[in-house]
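Each remark here refers to the structure printed beneath this line.
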Number of protein chains: 2
Amino acid sequence: MTISTKDRIFYTSLDLFSQRGFSGVSIREITREVGIKESSLYNHYRNKEAILEDILTFFRNDFAKTLPPIDALDDILQKSTVESFLKAGHRNFKKYMEDENGQKMWRILQVEQYRSSLAREIILNDLFKTTIQFLEIVFSKLIAMKKIRPLNPKMLAIEYQYPVFTLLTEYNILKFDGKDTSEVEFLLDQHVLFFFETIRIG
Amino acid sequence: MTISTKDRIFYTSLDLFSQRGFSGVSIREITREVGIKESSLYNHYRNKEAILEDILTFFRNDFAKTLPPIDALDDILQKSTVESFLKAGHRNFKKYMEDENGQKMWRILQVEQYRSSLAREIILNDLFKTTIQFLEIVFSKLIAMKKIRPLNPKMLAIEYQYPVFTLLTEYNILKFDGKDTSEVEFLLDQHVLFFFETIRIG
DNA sequence: ATTATATACTAACGTTCGTTCGTTTACAAT
DNA sequence: ATTGTAAACGAACGAACGTTAGTATATAAT
């Protein structure tokens, strides 16, 4: 089973958009890379804009799967220590970071954020808000379980997650230039440790 | 004294690039807005790319002025409490955030980061690295003065500054859509407080 | 008064843009 | 065998792109 033309258009556009932005990439470039004529692209996508929409909604659906369902939370939190829970989430996030297509989607999101209201919505709601709300619930539960110090759960969520976003931005830029990312990865580890020290009891 | 044509080109481009990106804005759009013919623009700028370069270097020089010189640091740190020092820096940063042109420069920087190696360099060196190095020195000095707990200065810098960058990103997107930013501003205040609690002695 | 310089203009250049049209090809369903 | 459908194609559309050349005009320097 080989990759469909539509998928090849999708991944080629993903790659090109992430490097030069939507306006910086022409239909001719995309189709040349895919190996079809310009006119053939319109058998698969209504127009150029529809390719971007497709990419953004794909990211949206894909990212939604990364957070564990709230129902399963109590179970997970009971079974594991705070430290191992944080480390597991952190491993998960890192895996997402290392995925090449994930990096490209993130880049497109950043680059198109002021041109596309959908991009802004995804950043604000799906990335920021959803993640913070999830973590807020996690920390609330951990406080109720007396597993961590009784600090403001929302602030804990912010203090934990927001540095990660900036580190991810840094990571992405370095990766783009093929530079060494070991320091950023080290800082990410250190951040999780630092945060754990802040919240732990005693 | 009225604004020169070159400056009008500069600020018009700043405005348009920040909304639609470099590739999304044409010379004709810029000159139409400025009120001159396309050809006249080339009396002031070598080509389109030179306008972007000009904007980016302007930001670079402008941002360099925001951090106080290291020589003056000991004096400042002696005279003020840790809390008031943090709050002053925070006020300073906020003022920068609220400046309309500052917002536009920041947006261009984000939007062009993968198209322009200069943009990447500015983000990585001038924004991230310089700020962290400055704060690292600050925290080192504060630790030596026994004004804060003896934690890793670099990690303190990261923990303090990196959430601010993400909050700034959020702030900028909200501002772009004319939405309410009071929650983000509140979170910024809370972050400074939270951080102060983490580092203070006793 | 003249000359020089800066900055504006008109006109156009060659290229590329996104998209549409009508046609051909390949393959599956009848 | 035929018909239907999806997906490829060549060719072209008008519009917009960045940039250049040559020229006019206004201001300042001689």
Side-chain angles (χ1 to χ4, degrees), chain A residues 1-58 104 107-108 111-119, chain B residues 1-58 104 107-108 111-119:
Chain A
M1 156 74 191
T2 123
I3 307 170
S4 73
T5 301
K6 179 159 190 174
D7 281 354
R8 265 162 43 233
I9 295 172
F10 180 93
Y11 287 107
T12 302
S13 304
L14 176 66
D15 185 55
L16 294 175
F17 288 166
S18 76
Q19 291 182 58
R20 291 201 286 288
F22 179 79
S23 314
V25 177
S26 70
I27 294 285
R28 280 169 178 83
E29 274 181 283
I30 297 169
T31 54
R32 195 186 312 129
E33 188 107 334
V34 172
I36 54 171
K37 294 294 161 190
E38 306 99 88
S39 50
S40 302
L41 182 138
Y42 293 87
N43 285 322
H44 304 281
Y45 283 101
R46 204 171 68 258
N47 53 28
K48 193 186 171 188
E49 191 75 38
I51 306 175
L52 180 61
E53 273 171 40
D54 200 16
I55 290 174
L56 292 180
T57 29
F58 179 88
K104 289 176 185 172
R107 279 175 200 151
I108 292 178
V111 162
E112 299 304 328
Q113 65 180 311
Y114 298 114
R115 229 195 49 83
S116 154
S117 59
L118 178 57
Chain B
M1 157 73 189
T2 120
I3 307 170
S4 74
T5 302
K6 179 157 188 175
D7 280 354
R8 266 161 46 233
I9 295 172
F10 181 92
Y11 287 107
T12 302
S13 303
L14 176 64
D15 184 55
L16 293 175
F17 287 166
S18 75
Q19 290 181 57
R20 292 201 285 288
F22 180 79
S23 314
V25 177
S26 70
I27 295 285
R28 281 167 178 84
E29 275 181 283
I30 297 170
T31 53
R32 196 187 311 129
E33 189 107 334
V34 172
I36 54 171
K37 296 293 162 189
E38 306 99 87
S39 51
S40 302
L41 182 138
Y42 292 87
N43 285 323
H44 304 280
Y45 283 102
R46 204 171 68 259
N47 54 27
K48 193 187 170 189
E49 192 75 38
I51 306 175
L52 180 62
E53 273 171 40
D54 200 17
I55 290 175
L56 292 180
T57 25
F58 178 89
K104 288 175 187 172
R107 278 176 199 147
I108 292 179
V111 161
E112 299 304 328
Q113 66 180 309
Y114 297 114
R115 225 194 52 82
S116 155
S117 60
L118 177 56

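Each chain gets a letter, A, B and so on, in the order its sequence line appears, and its residues count up from 1. Only heavy atoms go into these numbers, but all of them, side chains included; no hydrogens, no water, no symmetry mates.
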### Task
Using whole Å, report how far NZ of Lys37(A) lies from P of dG18(C).
16 Å
### Query
How many Å lie between CD on Glu38(B) and P on dT7(C), as a whole number?
19 Å
### Query
Taking NZ, NE, NH1 and NH2 as the nitrogens, is one of them in Glu29(A) or Arg20(A) under 4.0 Å from a carboxylate oxygen of the other?
yes
### Query
Under 4.0 Å: is that the gap between some side-chain N or O of Ser40(B) and OP1 or OP2 of dT7(C)?
no
### Query
When all nucleic acid strands are considered with a 4.0 Å heavy-atom cut-off, which category describes Val34(B): base, sugar-phosphate, or nothing?
nothing
### Message
Quick check on contacts: within residues 41-55 of chain B, what sits under 4.0 Å from DNA chain C by heavy-atom distance?
### Response
Asn43(B), His44(B)
### Message
Quick check on side chain to side chain contact (heavy atoms under 4.5 Å, CB included): which of Asp15(A), Leu16(A), Leu52(A) does Ile108(A) satisfy it with?
### Response
Leu52(A)
### Message
If the cut-off is 4.0 Å, is Thr5(B) near the phosphate of dT7(C), judged by side-chain N/O to OP1 or OP2?
### Response
no
### Task
Report the distance from atom CD1 of Ile3(B) to atom P of dT7(C), rounded to the nearest whole Å.
16 Å
### Query
Are the ring centres of Phe58(B) and Phe10(B) closer than 6.0 Å?
yes
### Message
Regarding Glu33(A) and Arg28(A), does a basic nitrogen lie under 4.0 Å from an acidic carboxylate oxygen?
### Response
no
### Task
Could you tell me whether Glu112(A) and Arg107(A) make a salt bridge, using a distance below 4.0 angstrom between a side-chain N and a carboxylate O?
no
## Note on the structure
Closest to the 5' end of DNA chain C, once Gly35(B) and Ile27(A) are matched to their nearest nucleotides, is Gly35(B)
### Task
Indicate, with a heavy-atom threshold strictly under 4.0 Å, whether Ser26(A) touches base, sugar-phosphate, or nothing.
sugar-phosphate
### Task
Write down the atom of Lys37(A), the atom of Thr31(A), and the distance for their closest heavy-atom approach.
O-CG2, 3.9 Å
### Query
Taking atom types as modelled, is there a side-chain donor on Asp54(A) or Tyr45(A) under 3.5 Å from an acceptor on the other?
yes
### Task
Return the nearest nucleotide to the side chain of Ile36(A); candidates are dC17(D), dC9(D), dG18(C).
dC9(D)
### Query
The side chain of Ser39(B) lies closest to which of these nucleotides: dT20(D), dA8(C), dT19(D)?
dT20(D)
### Query
Looking at the side chain of Arg28(B), which of dA12(D), dG18(D), dT10(C) is the nearest nucleotide?
dG18(D)
### Message
Nearest whole Å is fine: how far is dA16(D) P from Ile30(B) CD1?
### Response
16 Å
